[in-house]
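Written out below as structure tokens is the structure these notes cover.
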Amino acid sequence: MKNTVVLSVLLLLSIHQVLSASKGVTTSLKAKWSMTPFLLETSEFIGEDGNEKFWQFIDTVKELTVYKQGESVRSYYNLIIKKAGQFLTDLQVNLLKFSLALRSYSPAVHASQQIASDEPPPEACPAFVSIHGQRSCSTKDIKKLLKAAAGRPRPYLNKNDHTYPGATKTDVPVVILYAEIGTKKFTVFHKVLSEKAEEGKLIYVLRHFVADPKPQKMLLSGYAVELAIKSTEYKAVDDTKVKDSKTVINDEDDDNDVQGFFFGTLKKSHPELKDQLVDLRQHLLESTNDMAPLKVWEMQDLSFQAAAKIMSVPKFDALKVMRDLSQNFPSKARSLTRVAVKQEMRKEIEANQKHLSETIGVHLGDGELFINGLHIDLDVHNPFSILDILRGEARTLEGLHNLGIRGEHQANLLRLPMNAVDDSYALDMRHPAIMWMNDIENDSMYRSWPSGVQELLRATFPGVIRQIRRNFFNLVLFLDPVQEESVELVKLAELFYKHKIPLRIGFVFVVNTKDEIDGFSDAGVGFYRLLNYIADEYDLSQALMSMLYNKVDVGETLSVDTLSAFLKRKFPKANAERILGIESEYDDRRKDGALFYKKSGLGAVPVALFNGIPLSPDEMDPDELETIILQRIMDTTTAFQRAVFMGQLTESSDVVDYLMEQPNVVPRINTLILSVDRKYLDFTATPDTTMFSFLDTRDKTAVVAKRMKYFTNNDDDGISAVTMWIAGDFEKVSGRKLLLNALKHVEKTSVLLSNNPSGKPSEDNTVLYRAIWASLLTQKNKASAEFVQKLLKEESRQLLQQGTKMKELLMQVKEKVDAFEKKFNTLEVDFIRSQQLFCRDVLKLSPGQRAVVSNGRVSGEEFTVEDFHLLEKITLSGSAEKVKAKVKQMGMNASDLVMKVDALLTAAPKGEVRRDVHFIKDSHSVLHLAPRENEVFYDVVAIVDPLTREAQKMSSLLIVLSQVVNVRLQVFMNCKAMLSEMPLKSFYRFVLESDVGFLANDTVSPGPVARFVELPESPLLTLNMITPESWMVQAVRSPYDLDNIHLQKVTGIVTAEYELEHLLLEGHCFDLSTGQPPRGLQFTLGMSRDPLMYDTIVMANLGYFQLKANPGAWTLRLREGRSEDIYQILSHDGTDSPADAGDVIVVLNSFHSKIIKVRVQKKAEKMNEDLLSETSESKGIWDSIASITGGGSKKDVGKKKKEDVLNIFSVASGHLYERFLRIMMLSVLRHTKTPVKFWFLKNYLSPSFKETISHMAEAYNFQYELVQYKWPRWLHQQTEKQRIIWGYKILFLDVLFPLAVDKIIFVDADQIVRADLKELRDLDLEGAPYGYTPFCDSRREMEGYRFWKTGYWASHLGHRKYHISALYVVDLKKFRKIAAGDRLRGQYQALSQDPNSLSNLDQDLPNNMIHQVAIKSLPQEWLWCETWCDDTSKLTAKTIDLCNNPKTKEPKLTAAARIVPEWVEYDNEIKRSSVRSVKGLCLRKSTWHMLL
């Protein structure tokens, strides 16, 4: 058989000699910064697991770079991985390799390098220290620099800085070492600094610094490249010849079959025929790359046919087949039409689709990915964020695996709903100590109000508080009547009461509780007794109002004299002694308020509760409290409405009970317990050494936990849901009291303890603890607990000190006395030393310090019995009860397992809810890949239609994912039936690798690239880069027109080199006074030595702004001028500096998006000023980077008088339109004497245009600027390049240009100007923000093509005209003033959800908004277009536009030469100018080389 195949091959080769060279496209993307060493990136990866591991790794690789010299790059890389493997599991090593392939931590390394260069480094210095601004290259200078350091300002430390874990002192100098780890110079510095840090003499911080970085740039991955098939209805290809590239390309994937041949297998069997097999494969591919259009009936089943093809191959090849079909679909479509689809598959897919739609809301054709039940939205996530998810999941998965939980049990525990930590805990206010002033439900004054909870859903005007006879809103004030603040607060409460605000108001009066105090000596006690007396005569509200209203002035305090005088005046017949004296009859429950207050754990009085939630001290200001309470009422109404709508709150519900049964309600407020900032122990380690002092924190925890014994009072099932771990010095009163309180609480809780003696453990200072331990080892639970409680009492302590034997105390509980005595006398103190080490190194306690650990969560040291109740409630309500139930189901009855699992799951970051995704049937429509047994695995479920954009991305992602980690994979074919058009119209490559690649000579491969081979030659293709949201990339090298790739005209490979030019810093800004975005506010971004590198304007939509940056530490400021004059920054979130710092420091150290929030406020004296009303803004946005973009836009900045400049904006993509653009520019310049500044959208310009524009500017004496803006993530994305460019023409006019530009004129690239555009700029727009020319009506033969005269447009426009977007003038001042940009974006967001709307986005949108944003119709002569205008009107035309003609479809170049006589002349002139500039450039280069 084999010989037959070979003969067939040779026969075919003899018939078809394929001589043509392989054609294709390769695309690469480089970082802007130099390559970062793998060792430094590895240290950052390990640092993510904690500071301790980072420094242990540093110590291990101190001088590793010495191996660089003698080893190959591959060997050195393997050595780094081996060293890292000492601190990582096998799974984590695989994730490390993946992160190194992604270069995921390169930005973190380069950020440090950038900060170092900002210092700057001393010359010829391989490593240096910076001590409070003073730098040195030698360790000898450290002592001298430290002496005077205190007099210099301390350096600002970033959140991600690596601080050596020495003595925790904050008042010592900070020494920052800039060095490359692994080098000898680093080791010298590290030795000195680490020793001094351990002695507490300094704080030692390490930042990466490579003295001599490699010049080459890194190739990046984690992005996609698309070759979209362009419409050739109108020919738009430049006819200028391009010199072909000589690059060759390797055949990509021999494993896929080509017309039944598996060329990978054939090449292995017949290596001698390799060249001929390559030629045959190429020929067969070219013959199958049939791009002939399919009939509609042939398309209908393509999705099912693709699924059938995928499911028919061996399962390990199925993902590759899916990748091949989706990513090369245009050339695979015809072959798919011949695939038969089984009926069983159809029925199974339909059944699963119905089930998925009902259970998780996934509809047919949708693409969704789930990892361990977490939904991975591929529109939001990229490989970098997925790596983070894999790392986060790895900790949990490995922890469960190490605890013996495998398979389905793992999935069940992961899916447990974890209550997110809530920082708004409420105190239960159903307490008799609260004196309620009113009751909305029962008081007669509210009788006319409706009582139904459904009233909440009735529509009202915004801001109206609904008056419903239910206690929805409750305010409790804890007051000391003698404090002056109480007067104002009571008056405010009376104000709420008098105005019938639906607020139930209660008081807790905290007064002196001593029995001997009377009302004549203590005003507080007198107040309380008098209040009770009046309440008996009247009601409580009357008592309060008559008591304090207008009797005590604000700023004064209540006195005994005031009370006595009031009593005599108001109740002259009353017996003052009987009311206020020691034997008062009105002293009932005086102590209750103080006791409730004390048990509540609330802060200093006065304090208020709104529906049980304490208000912060800042909110207790009486001037602010009224507004705060009313706002709380409005906010809480929304939650009640939701509860009513969902049926959780019904007519029969008691509203107060409903409120107090919410999970955030607690019996006591203790900030130590309720704090959001929580630390958990990790019990999941499996240490393999017994040298306790050498173990890391995880291993120490595991060892100590394994040796522990428990006091238990288990539930009936023998398992405790909560385990309390008490640490302290039990020879001290405080330690014994803490343990005693814990044991009193041992109802459903296990208790274990660790001794943390104040001194070195000895037999004398560990008597009590050894007795407790001996009791635990020899006694039953109940007896042991009784004995220890007795032992902890002070009288027992005194008896022992008087000489009583320990066993005599035990005999009183009548248990195994002999066994106890033997164990007590033989216990060594060594195990106590290990516990003391555990307390010091893991719990971070100083000797003798106490701590309570509840299910692994470390809390503070002051604990009452009530605190233990609270801690148990919080632990149980979190997840402990649920974990216990699951552990019981597994048949693993162990309290410590519940503790360990609960600690692991609760410590994991809280994300979204995990979904349980399963299928009704999975035989024919679900691809299954089983995981390797007895290893940690990820449960991955993909739902995807194999012929969608999601499949193009997901197929590559799943292949790499299965190479990186152990997966249990299910892929459901979510096919869409009855297709009416081609589902995919592009070729696609997702650039992603699982590990660093090496060449045959053991050097690192150049890096990942996107390779397109065996492409059909007939279609016209456009190249699109699909990158993570925060990346701004640009083409930097390619001789080809990447917008119009036509392989028929190319011999060889089309190469495109891109660069990651910027990482984006995004933000949202709001004015705290108004709550609105400050439109027109400008921010600047820079570094300490160059504070103004980039700047931007805040838009009104979401207060959004964006700034270009790169890895490093950046400072965000308000721009000098009106922004800084009028506004000040008050606070910020998501930044790397304190929230109240004036300078906002932002560190960019990853490929992830960085989004910050900035709150500003007008300065007091500028409250009435408007940013946009002033016409003078000193400098324009982006002026600061004109030197980068060329054109000399800064040369006249110093001039006082505003220069008369004609600002022209245009966009272009592709060589043809750039050719038109140059001609348009020349025509503008020919017809004006006014200085011209051109503004070009940089995003889509070719490398050749960017290289030559500066020469043209020099030759023709104009200014130019390349502006850039990334399409915001929140604005509906367009996928087609042409539509994206249209969007840029209209959607960002308010933020693209500086405030200094008053007017801008947009001119299409394919336009020729015949008049002075100054005339258009100076035209009166009559109050409109922009002016457009209406479409011509004069060419009658085109009447049938005028779509705006019928249907929607005719009815929408009414008597108005439809305008063309080829030329328009914008009054930017007016445009911003009326928020036109924000309105346009808002309307675009609404309309663009429908793919059939805005077919001509750039002109449909302003025409659609004509009623909201007026258009000034320009005189017809301003735009003439042959398609719509008659020949007569051409004579007066001021501009000629080369519109497409839907009737003739005439190519642009032909039309240009025919319609515009001067066009050819302009074209030739620019060609001659280009030749001169290229020659001049070459001459300068050669002269430079000669000088060198």
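Applying the side-chain hydrogen bond (donor to acceptor under 3.5 Å, both in side chains) test to Lys1374 and every residue at least two apart in sequence or in another chain returns nothing. Qualifying side-chain hydrogen bond (donor to acceptor under 3.5 Å, both in side chains) partners for Glu226, counting only residues two or more places apart in sequence or in other chains: Arg949, Ser986, Asn1024. The side-chain hydrogen bond (donor to acceptor under 3.5 Å, both in side chains) search around Lys1361 returns none, not counting sequence neighbours. Residues passing the ring-ring contact (aromatic ring centres under 6.0 Å, His included) test with Phe1249, sequence neighbours excluded: Phe1240. Contacts of Arg1321 classified as salt bridge (Lys or Arg N to Asp or Glu O under 4.0 Å), with partners at least two apart in sequence or in another chain: Asp1204. Residues meeting the side-chain hydrogen bond (donor to acceptor under 3.5 Å, both in side chains) test with Asp1394, sequence neighbours left out: none.
The aromatic rings of Tyr1352 and His1356 lie parallel to each other, with less than 30° between the two planes, well short of the 60° mark. In this structure, Phe1306 and Tyr1368 have parallel ring planes: the angle between them is below the 30° cut-off, well short of the 60° mark. Using bins of under 30°, 30° to 60° and over 60° for the plane-to-plane angle, the ring pair Phe1292/Trp1271 lands in the perpendicular bin. Taking the six-membered ring where tryptophan is involved, the planes of Phe1083 and Phe1105 are tilted, since the angle between them lies from 30° to 60°.
The minimum heavy-atom distance between Pro1329 and Val1413, with the atom names listed, is CG-CG1, 3.5 Å. Among all heavy-atom pairs drawn from Gln1311 and Thr1439, the shortest one is NE2-OG1, 3.0 Å. Across every non-hydrogen atom of Ile1097 and Gly1080, the tightest pair is CG2-CA, 3.7 Å.
No cation-pi contact links Lys1349 to Trp1353, judged by a cut-off of 6.0 Å to the six-membered ring centre and 45° from its axis.
Side-chain atoms of Arg1360 do not come within 3.5 Å of backbone N or O of His1411 as any donor-acceptor pair.
Ring-centre distance between Tyr1332 and Tyr1330: below the 6.0 Å cut-off.
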